[in-house]
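Take a look at the structure set out below.
Nothing here was measured: the structure is a model prediction, and the numbers come from that model. Indexing begins at 1, ligand by ligand and atom by atom, following the structure's order. FYI, the numbering just counts along the sequence from 1.
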Amino acid sequence: MGPTILAIESSCDETSAAVIKNGKVLNNIIATQSVHENYGGVVPELASRAHQQNIVPVVAEALKNTGIDKRELDAVAFTQGPGLLGALLVGTSFAKSMALGLDIPLIGVNHMQAHILAHFIDDPKPGFPFLCLTVSGGHTQIVLVKDHLDMEVVGETMDDAVGEAFDKSAKLLGLPYPGGPLIDKYAREGDPHRFSFPDSEVEGLNFSFSGIKTAFLYFLRDEKKKDENFIEKNLNDICASLQYSLIRMLLLRLEKASTRYGIDQIALAGGVSANYGLREALTRMAKTRNWNFYIPDFEYCTDNAAMIAITAHFKYLKKEFSSLRVSSEARMKF
Ligand code: KG4
Ligand code: ZN
């Protein structure tokens with residue numbers, strides 16, 4: 001019988017708790033903070049306060065929902081980083097207190113590794129080695145995954161993350177935060193070839209999104225000078241064209257990575273993997289290239305504690321426990 005673990009995620013604007021038993025995720029409770037909508041982005045101080053309010057009810061719900069008593073737990077896991085420090089501290093302190101109170105091991109989990117291991121919650125599961133394109137609000141990486149806990153970042157963004165590029169562009173269009181899903185929605189009705197935005201040349205398998213962000217800013221400024229209602233009249237085409245350019249930048253590097261490493265097991269992870277256009281384009285590319293291709297369920301694309309739970313499961317089996325002295329790490333590497 002495998003371990004029963006309570007996992008907590010609090011790195012950004014979702015307070016989440018999940019219980020995993022014998023490698024099977026039993027539930028995944030998520031409280032999304034709506035407080036940031038009016039600010040055009042996540043406000044760190046407000047995020048920490050909302051986590052403080054949510055953490056007790058969310059954990060209580062996760063345990064009650066599965067009928068598991070806290071005394072049955074074999075370990076408590078939490079997101080150690082990367083993330084917003086004040087937000088991470090809430091989950092870290094809570095998990096430490098529980099581990100101390102129950103006298104059970106504590107497991108600190110890397111948030112980006114967890115996004116990738118979300119692929120091991122349900123079938124079909126990728127075989128090793130595989131390449132994972134991890135795309136979120138804070139990261140854009142190509143990761144060579146050799147085993148559950150053995151990963152190497154082989155490409156990453158030099159500046160903004162692609163989720164940030166989506167959200168900041170949406171803000172320029174006057175859309176509320178987070179704008180990524182809205183761009184995705186309008187893009188479905190638009191012409192992706194109406195406008196074009198440039199890729200940025202960077203070395204190797206790395207990305208840069210600051211150039212396209214600036215190009216988009218100037219494009220809107222110039223078009224609005226000619227017609228002040230330009231955005232309203234062309235929203236679908238603008239979104240479709242921008243999304244097309246961002247997806248092209250991602251897929252170009254992924255294709256390069258697949259060739260360089262000779263790997264045709266390809267996975268997608270992180271919040272932006274919920275993007276319909278990206279899922280579709282990648283599915284098409286996988287068919288052409290004969291890739292075995294894995295996309296997570298929508299529930300496990302954006303931040304959630306189920307992915308922390310599955311990572312903690314693998315760490316438990318290897319007895320990779322954290323000391324109670326472990327701290328939150330805002331910029332934690334694998
Ligand atoms: O992984 P995640 O939930 O949080 C981080 O770890 O950052 O990713 C959140 C990001 C946000 O930038 C959000 O706009 C983006 O994922 N996102 C999307 C979509 N759904 C979420 N971006 C584009 N299209 C979507 N459908
Ligand atoms: Zn995330």
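- Counting only heavy atoms of the protein, atom 17 (N) of ligand 1 lies nearest to G271 O, 3.7 Å.
- A cation-pi geometry, defined here as NZ or CZ lying under 6.0 Å from the six-membered ring centre and within 45° of its normal, holds between R279 and F298.
- One distance of note links CD of E299 with CG of N28; it measures 5.0 Å at 0.5 Å rounding.
- For ligand 1 and H111, the ligand atoms under 4.0 Å from any heavy atom of the residue are 6 (O).
- Between F120 and F128, the two ring planes are parallel [angle under 30°; tilted spans 30° to 60°].
- At a heavy-atom distance under 4.0 Å, no atom of H139 approaches ligand 1.
- Between Y276 and ligand 1, not a single N/O pair is under 3.5 Å apart.
- In this pair, F197 and F195 present their aromatic rings tilted. The plane angle is within the 30 to 60° band.
- Taking every non-hydrogen atom of A274 and a distance limit under 4.0 Å, the qualifying atoms of ligand 1 come out as 20 (N), 26 (N).
- Between S11 and T79, the side chains place no donor N or O within less than 3.5 Å of an acceptor N or O (distance only, hydrogens not considered).
- Although no hydrogens or angles enter the test, the distance criterion places a donor-acceptor pair under 3.5 Å between the side chain of N27 and the main chain of V19.
- Considering each of L278, L182, N275, D167, the one bringing a non-hydrogen atom nearest atom 23 (C) of ligand 1 is N275.
- Ranking the protein heavy atoms by distance from atom 3 (O) of ligand 1 puts D303 N, 3.1 Å first.
- Defined by atom type and a distance below 3.5 Å, a donor-acceptor pair is present between the side-chain atoms of N275 and Q243.
- Protein atoms of type N/O/S that fall under 2.8 Å from the Zn ion (ligand 2) number 3 in this view.
- Side-chain contact check for T4 and E72: no donor-acceptor pair (N or O, by modelled atom type) lies under 3.5 Å.
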Run the side chain to side chain donor-acceptor pair (under 3.5 Å) check on H111 and D303 step by step: do they pass?
-> CA-CA 9 Å; H111 182 87; D303 290 348; 3.0 Å; yes
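- Grouping Ile, Leu, Val, Met, Phe, Trp and Tyr residues whose side-chain heavy atoms lie under 4.5 Å apart, directly or via other members, places Y177 in a hydrophobic cluster with V42, L84.
- Taking every non-hydrogen atom of G138 and a distance limit under 4.0 Å, the qualifying atoms of ligand 1 come out as 7 (O).
- Counting only distance, with no hydrogens or angles, the side chain of S16 and the backbone of I29 share a donor-acceptor pair below 3.5 Å.
- Residue, atom and distance of the protein heavy atom nearest to atom 22 (N) of ligand 1 are G180 CA, 3.5 Å.
- In this comparison of V272, I183, D184, the heavy atom closest to atom 15 (C) of ligand 1 sits on V272.
- Heavy-atom proximity to S136, at under 4.0 Å, picks out these atoms of ligand 1: 1 (O), 5 (C), 6 (O), 7 (O), 8 (O).
- Heavy-atom contacts of H115 reach the following atoms of ligand 1: 1 (O), 6 (O) (cutoff under 4.0 Å).
- Look at K24 and D122 and you find no salt bridge, because none of the NZ, NE, NH1 or NH2 atoms lies under 4.0 Å from a carboxylate O.
- For ligand 1, the atoms sitting less than 4.0 Å from at least one non-hydrogen atom of G137 are 5 (C), 7 (O), 8 (O), 9 (C), 10 (C), 12 (O), numbered in the order shown with element in parentheses.
- Close approach of ligand 1 to P178 is summarised as follows: ligand atoms under 4.0 Å from at least one heavy atom of the residue are 14 (O).
- No side-chain donor-acceptor contact under 3.5 Å links S258 to the backbone of L254.
- Distances below 4.0 Å separate heavy atoms of G163 from the following atoms of ligand 1: 12 (O).
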